[in-house]
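Below you'll find the structure, written out as structure tokens, and then a few comments.
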Amino acid sequence: MTLVRNRPLHVALACGLLALGLGASTSAGAQGRDISRDVLAAGDGWAAADGGTTGGAAADDAHVFTVTTRAELARALDGGSPTPKIIKVAGTIDGNETDDGDHLSCADYATDGYDLKKYLAAYDPRTWGGAKPSGPQEDARAASAARQAERVVLPVGSNTTIVGLGSGAVLKGASLQVKNADNVIVRNLDLRDAYDCFPVWSPNTGGLGDWKTAYDTLWLNGSTHVWVDHITASDRGHLDEDEPTYFGRNYLRHDGLLDITSGSDLVTVSWSRFADHDKAMLIGNGDGVTGDRDKLRVTLHHNSFESVVQRAPRVRFGQVHVYNNRYVVPKDQADYRYSIGVSTESQIYAQNNAFTTPGYVEAADLVKSWNGTALHDEGSRFNGFPVDLLPIYNAYNSGSERDLTGDVGWTPAPELHGPISSAAQADQDVARGAGAGRIR
Ligand code: CA
């Protein structure tokens with residue numbers, strides 16, 4: 001099937017249908033409005049600074065695509081070219097799919113004799129020890145992983161808008177990677193289950209070793225002016241908690257939902273839903289990545305973090321404005337660790353966020369610091385009551401980390417954000433309005 005391009009005839013037809021009140025199925029927004037040429041509003045977070053974010057709004061008609069398969073999506077993305085382009089995703093697209101539309105399973109990618117049982121036997125710490133895996137099974141794993149990456153990694157270039165059509169646009173099993181790009185918009189998309197068929201054993205991670213996985217559902221790598229709005233990102237399809245334990249560690253299949261790293265800057269993430277996942281959002285991926293200093297400026301507002309274990313977000317270096325977000329730890333979630341992670345040189349300015357948790361989670365658990373020095377927090381609400389997270393963190397800090405001060409060295413300028421409501425109001429608004437399919 002070839003790409004469907006919006007030619008003037010189609011546009012005229014769509015306008016005619018809209019005039020008749022029949023346009024809902026032909027336009028991009030859940031409510032029938034065409035959102036594909038929307039640009040980020042002035043003042044809406046860091047992505048609005050220094051020239052703003054317009055994505056593919058300047059695309060000519062030849063670069064407006066409606067895609068229904070992985071092959072069409074890959075062709076429209078054009079290898080991450082900077083040509084202004086608008087890509088509308090219709091229905092469900094499977095990232096693990098051949099150009100002929102056949103689904104690819106993990107077994108289809110496996111090559112050179114890769115076999116999980118043999119891999120586990122080869123690198124069992126009790127016999128292999130603590131060295132990095134090497135040898136035939138690790139080589140086969142890497143070769144197999146490369147085959148999957150070739151399918152599921154989709155590069156997004158500068159001046160691109162990707163939007164879901166209506167309320168049912170899904171991209172599953174893929175990793176959208178915005179690398180060294182400027183001016184990108186991703187909206188109204190349900191991004192699911194960036195599943196790694198070939199996790200690698202990393203013996204030296206976290207003292208106990210851990211499984212490392214390759215894919216974030218969306219990764220901003222060295223990219224600027226990015227607006228992520230009304231997406232839903234989750235592990236829906238394959239939950240890590242249902243995966244087995246090998247070498248005493250959960251055999252994780254997913255990395256981040258939205259990771260922002262490697263000099264990325266000027267990003268706004270709004271009205272999105274991050275759910276059913278371990279490590280949701282990493283902003284800055286290394287204490288030694290000092291090139292991130294003065295970058296990683298991100299605004300997070302009106303997002304929902306539900307059934308997330310940690311990193312909502314975890315921040316290094318960046319001036320990150322976190323306001324009016326909703327955090328929900330459901331009663332049956334037993335593996336919650338923390339929400340706001342304060343790491344090296346981070347400058348988080350948190351305002352009016354709402355946290356709802358079961359009894360085993362205390363207010364002191366909401367914040368965790370590794371080598372952080374400061375956190376601004378005001379207006380937070382914990383299970384319906386106002387709470388000051390900073391003194392609570394400091395009072396309950398186990399002592400392995402120094403106390404945090406409230407001075408993060410910056411204050412978000414009024415022209416850098418929209419109206420900030422109470423945490424209670426935000427809690428309701430975000431529950432109703434965040435996520436894909438909910439643009440009004
Ligand atoms: Ca990642």
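As the structure lists them, so they are numbered: ligands from 1, and atoms in each ligand from 1.
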Checklist entry - Is there a donor-acceptor pair closer than 3.5 Å between any side-chain N or O of T245 and the backbone N or O of G248? => result no
Item to check | Y396 atom OH, over 12 foreign heavy atoms within 6.0 Å | outcome: no
Next on the checklist: Tell me if the CG atom of D294 is crowded by more than 12 foreign heavy atoms within 6.0 Å.
Outcome noted: no
Checklist entry - Under 3.5 Å, side chain of R37 to main-chain N/O of A57, donor-acceptor pair present? => result yes
Next on the checklist: Suppose the cut-off is 3.0 Å; which protein N/O/S atoms would you list for the Ca ion (ligand 1)?
Outcome noted: D216 OD1, D216 OD2, D255 OD2, D259 OD2
Item to check | Salt bridge K279-D255, side-chain N to carboxylate O under 4.0 Å | outcome: no
Checklist entry - Would you call D99 and R70 a salt bridge, using N to O less than 4.0 angstrom? => result yes
